[in-house]
Amino acid sequence: MKEQLRHAIQAALKECYRTGTLDSGVVPDEIQLEVPKNPDHGDFSTNLAMALAKAERKAPRQIAEVLSVAMQGNPLCDKVEIAGPGFINFRLQATHWYDVLHQIMQQGEQYGRCQVGNGKKIQVEFVSANPTGPLHIGHGRGAVVGDAVAAVLQAAGFEVQREYYVNDAGNQVQTLGNSILLRLRELQGEAIVFPEDGYQAGYIVDLAKQLLAEQVGLANATEAEAVETCARFGVAEVLKWIEADLKAFGIHFDHWYSERSLYDRGMVDQELSKLKEKGLSYEQDNALWLRTTEYGDDKDRVLIKSDGSYTYFASDVAYHMEKFDRGFERVIDVWGADHHGYIPRMKAMLAGLGHAPEDLEVLLIQMVNLLRDGQPFVMGKRSGNFVTLREVINEVGSDACRFFFLMRRCDSQLDFDLELAKQQNSDNPVYYVQYAHARVCSINRNAEESGIPLPRREDVDLSRLELAEELALAKYLARYPETIVGAALNYEPHRVIFYLQELAAQFHSYYNRQRVLVDEAAITQARLYLVNAVRRVLANALKMLGMSTPEQM
RNA sequence: GCGCCAGUAGCUCAGUUGGAUAGAGCAACGGACUUCUAAUCCGUAGGCCGAGGGUUCGAAUCCUUCCUGGCGCGCCA
C-alpha cells in the first residue's frame with residue numbers, strides 16, 4: 001500500500017515535469033514516506049517538497065501545492081493536504097484499511113512474513129557459552145536475543161541456521177577436568193590443595209560424585225589421562241545441562257559445532273595454511289602472526305604461540321572461515337559486550353580474505369546487572385556464588401523472562417532484579433500483551449455461546465467499522481509487516497516487543513470503550529472480524545518470539 | 001593513554017534511520033466493575049533530550065570538543 005502510494009507520487013512528480021509546472025527534473029531515488037506521529041497529519045506524509053526546494057529554487061509550500069494538485073483525484077487518496085513547512089499529507093480511502101483486515105484473515109499465520117531476505121543463507125551463532133558450568137543470567141539474554149534475531153530474520157524471508165559453538169578444546173576445559181579430578185580425590189579421602197584458578201563452584205563436586213558413582217577407572221591412568229577423562233566427562237554433562245536449560249527456554253539449535261572437531265579434522269591447520277598462502281601470516285619470535293593491522297586492527301595477532309600451541313583466535317579464525325565455506329552469505333555472532341575488543345581482528349581477518357565487513361555482524365549483548373532486592377549480586381563461575389539461568393526461568397517463567405530480555409535494545413545495559421521480576425506476576429508487560437489475546441478469545445467464546453457465527457469474509461460488511469479508533473486499529477495492524485522487516489534488517493527484535501505493547505494498548509482501550517457483541521448483527525460481525533485480526537497479529541508475533549498465546553487467563 | 005557502548009520525566013526505557021507540539025511503563029495523585037475477563041481503562045502531574053560548538057529549510061538523531069558511567073585493550077579464554 002505504501003509502495004502504491006509511492007509510485008503514485010512519483011508519477012505525479014513526472015507529470016509535473018512533463019507539463020512544466022516544475023522544471024528541475026530531479027527525481028529522488030526513494031521518496032520518503034512515513035506514518036506521522038500525529039494522526040491529524042494523515043495516514044502517510046512525505047517531505048518531497050522540502051527535499052526539492054533547493055533544486056527547484058522555490059518555496060517548499062509552493063512545490064507542495066503543485067504536487068498536491070497533481071495528486072488530486074487519485075483513487076488511492078481520500079484527501080491530500082499541505083501542512084507545516086511543506087509536508088504533503090495523504091489520507092487514504094477507508095477501503096484500503098478494510099483490505100488489510102481481509103489480508104490478515106486470509107494469510108493467517110503467514111501474515112507478517114515476507115521475502116525481502118530472498119532466501120539468502122544466514123547463520124546466527126549465539127550463546128556458545130563455555131561448557132564448564134551452567135548457563136547464567138547473562139547467557140540468558142544472549143540466548144533470547146539471538147533466538148529472536150534468528151526468528152525475525154526467518155520471518156523476513158532469510159534462510160537461517162542457529163548454531164552453538166562449543167568451546168570443548170583449550171585451557172578452560174583442562175581446568176574443568178583438573179577441578180573435577182581434585183574433587184574426586186578429595187571425595188576418596190585424599191588431602192588436596194585446590195588451586196586458586198580452579199572452578200570452586202559446588203557443581204564441580206556434584207560432577208565428581210557422579211563420576212565416582214559411575215566407577216570410571218582412573219587408577220591406572222596417567223595424570224594427563226585422568227584429567228582428560230574428567231574433562232570429557234564434565235563437558236558432556238555440562239552440555240546436557242545447557243541443552244536442557246535452553247529447552248526450558250524454548251530454544252533449539254540446528255547445529256552444535258565442536259571446536260575440538262576443528263582440530264580433529266585438521267581444519268585449523270588447513271585454514272591457517274590458506275592464510276599463509278595469501279601472505280596474510282608471518283613468523284616472528286617463534287610464533288605465527290596474522291597481519292590484522294593491514295585491515296584496521298591495532299596490532300597483529302598471534303595464531304600459534306612460541307610453544308607451538310594454538311591461540312583461541314586461531315580456532316576462531318578457522319571456524320569463521322569455514323562458516324563461509326559452508327555457504328552462508330552472512331554470519332551473525334552474538335557476543336557478550338566484554339568481547340568487543342575482539343571484533344577488529346575478526347573483521348580484519350575476513351577483510352584479508354576478501355569479505356565485506358558486513359558479512360560478519362557482531363551483536364554485542366551488554367551486561368546484565370543482577371540484583372536482588374536492589375543489591376548487586378556478584379557473579380562469576382569461580383566464586384561459586386551465581387544465579388543460574390534455570391533458577392531464574394523457574395522463578396519468573398519463560399515467557400516473562402523472554403519478554404524482559406527483549407524489551408531493551410541489546411546494546412544497553414540491563415538491570416535485572418530477581419525479586420522485582422518475581423513480583424511482576426501481574427505487573428509484567430508480557431501479561432498485558434497476552435491478556436489482550438485472551439480477551440479476544442473470550443469474546444469469541446461468548447459469541448459462540450450466544451449462537452453468533454464468526455464472520456466470514458464474504459458476508460462481513462467492514463464499512464460498519466465507522467469509528468476512528470477502529471480505523472486506527474486497522475492502520476496499526478497494517479504496520480506489522482514493516483515492523484518485522486525493520487527488526488530483521490537492523491537485528492533489533494525489541495521493535496516487535498514495542499509494537500506488541502502498542503497494539504495491545506490500542507486494543508485494551510478499544511475494548512473498554514466499545515462492546516464488540518452488540519444488538520446490531522452487522523456491526524457485531526464487523527467488530528468480531530476486526531478483533532480477530534488483532535488476535536491473529538498478536539499470536540503471530542508472540543509465537544515468533546517464542547512466547548505462548550493463552551486463550552484464557 | 002587508546003578503543004567500544006551508553007547518557008532522554010523521580011526510576012526503567014522507546015523514539016519510524018534528519019521531520020511537525022519529544023513518547024510509554026513503573027512510582028505519585030484522582031476517577032471507572034449489575035453489560036464481551038478490572039492482569040483492564042480514563043484523567044492529572046512530571047523535560048536545558050549530559051554540556052558547548054558546528055552542518056541546514058529542520059537535530060534527541062549527523063560532525064566535533066569536553067563531562068559522567070560501564071566494559072575492553074595478553075604468545076588468556
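Quick note on labels: first sequence line is chain A, next is B, and so on, each numbered from 1.
- Comparing A:Asn444 and A:Gly84 along RNA chain B, the residue whose closest nucleotide (by nearest heavy atom) sits nearer the 5' end is A:Gly84.
- In summary, of the residues considered (A:Leu545, A:Leu542, A:Val433, A:Val430), a side chain to side chain contact (heavy atoms under 4.5 Å, CB included) with A:Asp399 occurs for A:Val430 alone.
- Nucleotides B:C71 and B:C26 have their C1' atoms positioned 28 Å apart, rounded to a whole Å.
- The base of B:U16 is paired with the side chain of A:Arg479 by a donor and an acceptor separated by under 3.5 Å.
- With values rounded to the nearest 0.5 angstrom, A:Ile31 atom CD1 is found 5.5 Å from A:Ile9 atom CD1.
- Among the heavy atoms of the strands lying under 4.0 Å from A:Gln552 is at least one base atom, whether or not backbone atoms are also near.
- In terms of phosphate contacts, A:Tyr432 brings a side-chain nitrogen or oxygen within less than 4.0 Å of OP1 or OP2 of B:C41.
- Between A:Arg345 and A:Met349 the shortest side-chain heavy-atom distance does not fall below 4.5 Å.
- Per the geometry, OH belonging to A:Tyr435 stands 11 Å off P belonging to B:C36, to the nearest Å.
- With a 4.5 Å cut-off on side-chain heavy atoms, A:Leu467 and A:Gln514 count as touching.
- Proximity of a side-chain donor or acceptor of A:Glu470 to a complementary backbone N or O of A:Leu530 within less than 3.5 Å is not detected.
- Which of B:U40, B:C36, B:U21 sits closest to the side chain of A:Ile443 comes down to B:C36.
- In this structure the side chain of A:Asn167 reaches within 4.5 angstrom of the side chain of A:Gln172, judged on heavy atoms.
- Going from the C1' atom of B:G25 to that of B:A39 covers 15 Å, rounded to whole Å.
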Whenever both distances are under 3.5 Å in a Watson-Crick or G-U wobble pair, mark it; put RNA chain B into dot-bracket that way, with [ ] for crossing pairs and | when the partner is on another strand. (((((((..((((.....[...)))).(((((.......))))).....(((((..]....))))))))))))....
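- With sequence neighbours left out, the side chain to side chain donor-acceptor pair (under 3.5 Å) criterion links A:Glu520 to A:Arg464.
- Judged by a 6.0 Å distance limit and a 45° cone about the ring axis, A:Arg439 is not positioned over the six-membered ring of A:Phe507.
- Between the P atoms of B:G30 and B:A51, the separation comes to 34 Å (whole Å).
- In this structure, A:Phe498 reaches the sugar-phosphate backbone alone: every heavy-atom distance under 4.0 Å involves primed, P, OP1 or OP2 atoms, never a base.
- Within a heavy-atom distance below 4.0 Å of RNA chain B, the residues of residues 504-529 of chain A found are A:His508, A:Ser509, A:Tyr511, A:Asn512, A:Arg513, A:Gln514, A:Arg515, A:Val516, A:Leu517.
- To the nearest whole angstrom, the two P atoms, one in B:G31 and one in B:A6, are 43 Å apart.
- Residue A:Arg409 places none of its side-chain N or O atoms closer than 4.0 Å to OP1 or OP2 of B:C5.
- Stacking between A:Phe87 and B:A20 is shown: the ring centroid lies under 5.5 Å from the centre of the six-membered base ring, and the planes differ by under 30°.
- Among the atoms of the strands shown, none is found under 4.0 Å from any heavy atom of A:Ser450.
- A:Asp297 comes within contact range of no nucleotide atom at all, as no heavy-atom separation falls under 4.0 Å.
- Note on A:Lys37: every side-chain N or O is 4.0 Å or more away from OP1 and OP2 of B:G15.
- The salt bridge (charged side-chain N to carboxylate O under 4.0 Å, His left out) pairs that include a residue from residues 501-514 of chain A are A:Glu469-A:Arg513, where partners are two or more places apart or lie in different chains.
- Taking syn as a glycosidic angle within 90° of 0, B:C33 qualifies as syn.
- The base of B:A20 does not come close enough to the side chain of A:Asp40 for any donor and acceptor atom to sit less than 3.5 Å apart.
- Residues forming a ring-ring contact (aromatic ring centres under 6.0 Å, His included) with A:His320 (at least two apart in sequence, or on another chain): none.
- A gap of 25 Å separates the P atoms of B:U40 and B:G46, to the nearest Å.
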Per-nucleotide protein contact string for nucleotides 70-77 of chain B (B base, S sugar-phosphate only, - none; heavy atom under 4.0 Å): SBS-SBSB
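- In this structure, the side chain of A:His508 engages the main chain of A:Tyr432 through a donor-acceptor pair within 3.5 Å.
- With both ends at atom P, the span from B:C67 to B:A22 equals 31 Å, rounded to whole Å.
- For A:Phe404 and B:C26, the CZ to P distance is 14 Å, given to the nearest whole Å.
- The distance from atom CG of A:Leu454 to atom P of B:C36 is 18 Å, rounded to the nearest whole Å.
- When the side-chain nitrogen and oxygen atoms of A:His494 are compared with OP1 and OP2 of B:G15, one or more of them lie within a distance under 4.0 Å.
- Residues A:Tyr164 and A:Ile242 form a side-chain contact, since some pair of their non-hydrogen atoms from C-beta on lies under 4.5 Å apart.
- With a 4.5 Å cut-off on side-chain heavy atoms, A:Leu517 and A:Asn446 count as touching.
- Within 4.0 Å (heavy atoms only), A:Ala83 reaches at least one base atom of the nucleic acid.
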